[in-house]
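Report on the structure given below.
Note that the coordinates shown come from a computational prediction; the quantities given were computed from them, not determined experimentally. Below, chain A is the first sequence line, B the second, and so on; all start at residue 1. All values below come from the heavy atoms of this structure, side chains included, with hydrogens, waters and symmetry mates left out.
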Amino acid sequence: MARQALPLIDNSYYTIIIRLNSITASLSQAQQAHAHILKTGLSNHTYITTKLLSLYANRLHFSDARLVLDSIPEPDVFSFSTLISACSKFHHFGNALSLFCRMLSRGIFPDNFVIPSALKACAGLSALHTGQQVHGLASISGFASDSFVQSSLVQLYIKCGKIGDAHQVFDRMDHPNVVSWSAIVAGYARQGYIDKAKKLFDEMRGSGVEPNPVSWNGMIAGFNHSGFRSEAVAMLQKMHVQGFKPDGTSISSVLPAVGDLEDLEMGLQIHGYVIKHGLASDKCVISALVDTYGKCGCTLEMSQVFDEMTQIDLGSCNALVAGLSRNGLVDDALRVFRQFESQDMELNVVSWTSVISCCAQNGKDVEALELFREMQVAGVKPNSVTIPCLLPACANIAALMLGKAAHCFSLRRGISCDVYVGSALIDMYAKCGRIGDAWQCFDRMPTRNLVCWNAIMGGYAMHGKAKEAMELFHTMQKSGQKPDFITFTCVLSACSQNGLTEEGWYYFNSMSQLHGIEARVEHYACMITLLSRAGKLEEAYHMIREMPSKPDACVWGALLSSCRVHNNLSLGEVAAKELFELEPNNPGNYVLLSNIYATKGMWKEVDRVRDMMKMLGLRKNPGCSWIEVKNKVYTLLAGDKSHPQMTQIIERLTILSWEMKKSGYFPNTDFVLQDVEEQDKEQILCGHSEKLAIGFGLLNTRPGSPLRVIKNLRICGDCHAVIKFISNFEGREIFVRDTNRFHHFKDGGCLIATLDAKGLSHWTVCAEHTMESKQNYCRVNLKMSRLTSTKEKSKTPLFPVLQTIRIVMDGELEMLKTRVSF
DNA sequence: ATAGGGTTAG
């Protein structure tokens with residue numbers, strides 16, 4: 001489209017151009033000029049209007065720019081290009097592409113300036129397919145050999161992970177300049193092709209193009225990104241040796257690698273370099289330093305770097321929160337976070353995700369969900385990192401509905417294919433008893449990494465589906481994915497739950513022989529469980545003795561649990577003695593031992609264990625009876641003895657107890673009552689013991705409907721027997737999960753299977769705890785929540801959901817209170 | 001008028 005001829009003499013025309021050119025910052029100047037242009041009728045001049053459009057666009061006033069563009073009677077490629085490139089420049093990629101399409105649809109032919117802008121937008125959106133179409137367009141338009149176009153194509157393909165395609169374009173370039181060289185080299189480094197990257201780096205020099213600091217930094221960042229940490233550090237050293245001065249970017253690219261390597265020495269050296277070269281004013285360098293010290297466990301140095309910072313920077317604040325959380329200083333992390341919040345800092349998605357992840361990783365599941373709600377209220381949008389941080393919290397408290405909402409959110413945001421999101425979803429569904437949904441998530445993933453495979457295998461193992469887990473193990477290998485030690489933990493735990501001794505041994509041995517993976521404590525724990533469940537207690541004990549590393553609580557716990565099942569006193573005492581050392585505050589161990597004594601009628605010893613617990617301040621009552629359970633219920637309900645269900649509950653418990661005794665369960669001992677804090681009445685009521693919870697569940701669900709018990713605790717022998725008995729007696733399926741401790745989980749009789757989804761109200765008994773903070777068990781909180789019926793579900797909005805969920809949860813408590821008011 | 005490198009959350 002030819003531009004309009006300039007008027008010969010038109011003062012206002014030149015005046016306005018001079019004026020437009022002189023506008024530097026102020027938007028109001030642009031608006032004034034705009035008004036003037038409209039007034040003088042100069043808006044027909046494409047050159048002027050395009051200039052104006054550029055003013056608006058480069059001040060991020062896209063809507064005004066768009067208005068101007070639309071007002072141009074015959075816009076040319078230059079007008080469109082101006083706006084499209086501004087959109088791309090400021091990351092408004094969607095706008096850029098829609099404008100590009102509009103341009104094409106108006107029959108305006110693209111030029112070699114607009115195509116790179118469009119390609120940049122495609123790269124920004126990782127829109128490979130659209131990018132390929134633009135590539136095609138560039139080819140038929142004869143711009144495929146334009147070096148800017150080629151360079152943009154290289155960028156696009158690298159961004160979309162198509163390094164091969166990027167290289168093809170690159171190869172066709174006549175004389176790639178340092179920019180293109182750097183891009184392709186960084187692309188290879190980022191994808192983890194370190195040898196290829198190094199080779200190209202040398203080739204670049206060979207072809208007479210000298211790398212500049214950007215080229216070096218690209219390599220360092222690329223290596224770091226693909227997990228080649230030592231390579232990244234080595235690259236920095238090489239850069240330094242060869243006389244290139246590492247700048248702030250080099251330092252902030254290499255520091256994460258230094259932190260991951262926990263190479264404090266290197267960190268200190270780099271810190272020295274930073275001070276010496278005046279890089280301490282660089283925000284990224286500071287936040288990376290905070291992060292590095294945090295990763296090296298130097299919280300003092302970390303705080304020092306943070307405090308010395310002259311200007312507060314969000315990145316460093318986030319790094320500080322993460323560093324505190326990483327070093328177990330959860331309360332400090334939360335306090336610091338709240339402090340930043342109260343200072344009116346513009347917290348971003350990283351800030352919120354850090355603190356959510358901090359809670360979720362430290363047993364504060366409910367807090368994590370509450371923070372997620374606050375995040376939504378604050379108007380910060382969760383992303384593909386937030387969701388996998390949140391999902392474990394959902395899984396731990398079996399908040400299936402919220403987990404599903406997070407799933408819907410991921411689908412809508414198009415992040416459900418992300419390997420982290422997908423793996424977290426698989427895990428969440430599996431832990432909420434929905435192995436079918438977990439499988440669907442897995443099945444629909446377009447790309448899977450090891451984490452995904454492990455998640456689904458772990459899920460099947462958790463559900464006692466050993467056959468499926470083993471099949472997946474082989475499918476995975478066929479697909480070329482190599483197993484790691486977690487894979488073997490999943491497979492072995494699947495075997496151990498199903499008594500597959502032979503298979504267990506096979507996988508255990510093949511681990512080091514075929515895959516070069518040394519057996520860790522958790523693998524031994526699986527084998528110990530497998531052997532001891534099969535009654536081969538001596539063999540299990542022998543294996544513990546032969547273990548290369550020090551057996552941990554899981555190992556001894558597996559033995560003790562089975563000793564309780566088989567009532568093997570001598571080995572039980574050995575295991576208990578070890579456990580009392582390793583986990584002096586875990587009441588379950590004392591209970592298991594005292595149960596063995598009780599079975600043998602050794603009441604003196606039972607008393608001795610009781611005394612030990614009393615001395616340690618462990619509020620547990622080993623070997624207490626159903627009578628005591630009943631008394632407990634009375635005490636709890638003291639405020640309202642006339643509750644309509646009270647009598648029924650007591651009756652039910654009495655009948656069950658009687659029937660159990662009659663059927664020969666527990667000839668000598670009675671049930672274990674899980675003791676909890678008096679002040680948390682609803683918690684006591686909800687999860688005082690599996691037996692109570694199941695009792696309530698039996699009472700409040702339709703006969704025959706499945707129940708599930710979700711526990712994060714080691715389930716001791718008696719509880720197993722209760723569950724086993726009730727499932728037979730009531731003809732109900734009772735699903736039990738013991739998070740993260742597959743090998744302690746499930747005795748022969750406990751079924752684990754999928755819950756039905758017929759909209760029945762299920763009771764979910766959640767024991768929330770898990771944190772074994774290094775050595776000791778923390779306090780155990782038991783919780784109960786109810787999964788809503790299908791009807792209720794449909795009323796619940798998806799996202800943002802937490803507010804609703806909270807209300808539902810509180811509502812549940814209300815409901816509980818009215819049912820069994822306390 | 002267009003182009004390559006950075007921190008913090010999994």
* Answer with base, sugar-phosphate or nothing: what part of the nucleic acid does A:Ser151 contact at a heavy-atom distance below 4.0 Å? => base
* Distance in angstrom units between A:Asp260 CG and B:dT7 P, rounded -> 12 Å
* Counting N and O atoms only, with roles assigned by atom type, does the side chain of A:Asn449 sit under 3.5 Å from a partner on the main chain of A:Cys452, one being a donor and the other an acceptor? -> yes
* Pick base, sugar-phosphate or nothing for A:Ser215, based on heavy-atom distances below 4.0 Å to the nucleic acid. => base
* Asked: Contact class for A:Val290 (heavy atom, under 4.0 Å): base, sugar-phosphate, or nothing?
  -> nothing
* At under 4.0 Å, does any side-chain N or O of A:Arg326 touch on OP1 or OP2 of B:dA9? -> yes
* Asked: What is the distance from CG of A:Asp291 to P of B:dT8, rounded to the nearest Å?
  -> 5 Å
* To do: Select base, sugar-phosphate, or nothing to describe what A:Ser354 touches, counting heavy atoms under 4.0 Å on all strands.
  => sugar-phosphate
* Structure fact -> Quick note, A:Asn224 side chain, CB onward, closest among B:dA3, B:dT7, B:dG10 is B:dT7
* At under 4.0 Å between heavy atoms, what does A:Ser357 touch on the DNA or RNA strands: base, sugar-phosphate, or nothing? -> sugar-phosphate
* Which nucleotide in B:dT8, B:dT7, B:dG10 has an atom nearest any side-chain atom of A:Lys295 -> B:dT8
* Structure fact -> Side-chain contact check for A:Pro256: nearest option of B:dA3, B:dG4, B:dT7 is B:dT7
* To do: Kindly indicate whether the side chain of A:Asp282 and the base of B:dG6 share any N or O donor-acceptor pair separated by less than 3.5 Å?
  => yes
* Checking A:Ser325 side chain against A:Val321 main chain: does a donor-acceptor pair fall under 3.5 Å? -> no
* To do: May I ask you to say what A:Ser81 touches in the nucleic acid, namely base, sugar-phosphate or nothing, with a heavy-atom cut-off under 4.0 Å?
  => base
* Could you tell me if the ring centre of A:His91 sits under 6.0 Å from that of A:Phe93? => yes
* **Aromatic contact, A:Trp181 with A:Phe201 (centres under 6.0 Å)** => no
* To do: Without swapping roles, check the side chain of A:Asp111 against the backbone of A:Phe113 for a donor-acceptor pair under 3.5 Å.
  => yes
* Asked: So, the side chain of A:Asp291 versus the backbone of A:Ser287: is there a donor-acceptor pair under 3.5 Å, distance only?
  -> no
* Minimum-distance nucleotide to A:Val350 side chain [options: B:dG6, B:dG4, B:dA9] -> B:dA9
* Asked: Side-chain N or O of A:Arg190 less than 4.0 angstrom from OP1 or OP2 on B:dG6?
  -> yes
* To do: Using whole Å, report how far CE of A:Met345 lies from C1' of B:dT8.
  => 12 Å
* To do: Would you state whether a donor and an acceptor, one from the side chain of A:Asn212 and one from the base of B:dG4, lie under 3.5 Å apart?
  => yes
* To do: Have a look at A:Gly248 and say if it touches a base, only the backbone sugar-phosphate, or nothing, with a 4.0 Å heavy-atom cut-off.
  => base
* Closest to the A:Ser182 side chain, choosing from B:dG4, B:dA1, B:dT8 -> B:dG4
* Contact class for A:Asp146 (heavy atom, under 4.0 Å): base, sugar-phosphate, or nothing? -> nothing
* Asked: In whole angstrom, what separates A:Ile84's CD1 from B:dA3's C1'?
  -> 17 Å
* To do: Find the distance A:Arg229:CZ to B:dT7:P and express it as a whole number of Å.
  => 13 Å
* To do: Among the candidates B:dT7, B:dG4, B:dG10, find the nucleotide nearest to the side-chain atoms of A:Cys389.
  => B:dG10
* To do: Name the closest nucleotide to the A:Phe78 side chain, picking from B:dG6, B:dA3, B:dA1.
  => B:dA1
* Whole angstrom value for the distance that separates C1' of B:dT7 from CE of A:Met309 -> 12 Å
* Counting heavy atoms from C-beta on, name the nucleotide in B:dA9, B:dG10, B:dG4 closest to the side chain of A:Gln361. => B:dG10
* So with a 6.0 Å cut-off around CD of A:Glu210, is the heavy-atom count from everything else above 12? -> yes
* Looking at the side chain of A:Val214, which of B:dT7, B:dA9, B:dG4 is the nearest nucleotide? -> B:dG4
* Asked: Base, sugar-phosphate, or nothing for A:Ser351, non-hydrogen atoms under 4.0 angstrom?
  -> nothing
* A:Ile356 CD1 to B:dT8 P, straight-line distance once rounded to whole Å -> 19 Å
* Contact class for A:Val114 vs. all strands (heavy atom < 4.0 Å): base, sugar-phosphate, or nothing? -> nothing
* Is A:Ala322 touching bases, backbone alone, or none of the nucleic acid, heavy atoms closer than 4.0 Å? -> sugar-phosphate
* Asked: Side chain of A:Ser252, base of B:dT7: donor and acceptor closer than 3.5 Å?
  -> no
* What's the NE2-P distance between A:His225 and B:dG10, to the nearest Å? -> 15 Å
* Asked: Is a donor-acceptor pair below 3.5 Å formed from side chain A:Asp418 to base B:dG10, judging by atom type as modelled?
  -> yes
* N/O (side chain, A:Thr386) to phosphate O (OP1/OP2, B:dA9) under 4.0 Å -> no
* Asked: Are the side chain of A:Arg448 and the backbone of A:Gly422 linked by a donor-acceptor contact shorter than 3.5 Å?
  -> no
